[in-house]
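These numbers come from a predicted model, not from an experiment. What you see below is based on every heavy atom in this structure, not just the backbone, and it leaves out hydrogens, waters and symmetry mates. As the structure lists them, so they are numbered: ligands from 1, and atoms in each ligand from 1.
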Amino acid sequence: MDVVAHGLWGGALFCPRGRKNFLAGFVVGMAPDLLSFGAFHVMRPGWIVGRLAGEISGPPPFALLPDYVFYAYNVTHSLIVWAMAFFLLWWFMKGPPWLIFAWALHILCDIPTHGKSYFPTPFLWPLPTPFVDGITWATPEFLAGNYLCLVLVYGGLIFYRRR
Ligand SMILES: [Zn+2]
């Protein structure tokens, strides 16, 4: 799923708890992609400028991606790493770190929305993961359906809040 939609779904989880929690859920929801692909985009600003200008289309080819993107992607898209972080934070904070459920939601959304050919979700990393050959999130049909669902969810949240 695209990074903005991840942020919006993460934000929707915490929207009923106020603006600060919405923003925190939004950022945590995007974090798995920002902490992997984000570093690549910061180091290669020419690539994203070319993409925005329409000179480049599609995702970055594997040959262009440094090794750290693959390592970071494994770490940030693993439910095992997420569970370890959840319990460690719980121990440090002396209470459940609810906000990182936006991170878990990111991983759960990525599992069926990535094909096997480009970054299937390593949700059991470092254990062997039975990759799911999901639908590609970048198709116009999926993007339209996903954002329609987001509009409905946020519409419902606004309606619920006003009552
Ligand atoms: Zn992701």
Side-chain angles (χ1 to χ4, degrees), residues 1-15 21-52 56-89 96-154:
M1 192 184 296
D2 68 279
V3 68
V4 174
H6 276 305
L8 290 170
W9 281 118
L13 275 183
F14 297 96
C15 197
N21 280 295
F22 162 78
L23 287 173
F26 183 76
V27 171
V28 173
M30 293 191 301
D33 287 347
L34 294 180
L35 294 172
S36 50
F37 281 97
F40 165 76
H41 288 108
V42 168
M43 305 288 264
R44 307 276 306 243
W47 190 89
I48 197 131
V49 169
R51 180 103 192 256
L52 292 171
I56 303 169
S57 65
F62 287 127
L64 199 61
L65 295 171
D67 287 345
Y68 67 77
V69 171
F70 297 92
Y71 296 129
Y73 195 81
N74 286 339
V75 171
T76 60
H77 287 74
S78 165
L79 289 172
I80 291 176
V81 173
W82 176 86
M84 289 175 10
F86 180 79
F87 288 112
L88 266 176
L89 285 170
W98 298 116
L99 272 172
I100 71 165
F101 274 92
W103 172 12
L105 182 63
H106 179 122
I107 298 168
L108 293 173
C109 288
D110 269 354
I111 292 170
T113 61
H114 280 244
K116 279 186 178 175
S117 63
Y118 196 80
F119 286 95
T121 308
F123 58 96
L124 293 179
W125 187 88
L127 301 175
T129 303
F131 291 127
V132 174
D133 196 16
I135 55 167
T136 305
W137 62 261
T139 61
E141 298 83 9
F142 180 81
L143 287 168
N146 192 29
Y147 278 94
L148 177 64
C149 289
L150 281 164
V151 167
L152 293 172
V153 165
Y154 276 94

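Of all protein N/O/S atoms, those lying under 2.8 Å from the Zn ion (ligand 1) come to 4.
Among residue pairs with one or both ends in residues 59-72, none qualify as side-chain hydrogen bond (donor to acceptor under 3.5 Å, both in side chains); sequence neighbours excluded. Applying the side-chain hydrogen bond (donor to acceptor under 3.5 Å, both in side chains) test to pairs two or more places apart or on separate chains, those with a residue in residues 127-149 are Asp2-Tyr147, Trp9-Asn146.
For the pair Leu8 and Tyr154, the minimum side-chain heavy-atom distance is below 4.5 Å.
Outside the 6.0 Å centre-distance limit, the rings of Phe14 and Phe101 are not counted as a close aromatic pair. For Phe119 and Phe62, the gap between ring centers is short of 6.0 Å.
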Throw together a table of side-chain donor-acceptor distances under 3.5 angstrom for residues 25-37, partners on residues two or more places apart or in other chains.
from  : atom 1 : to     : atom 2 : distance (Å)
Asp33 : OD1    : His77  : NE2    : 3.1
Asp33 : OD1    : His106 : NE2    : 3.2
Ser36 : OG     : Pro32  : O      : 2.8
Ser36 : OG     : Asp33  : O      : 3.3

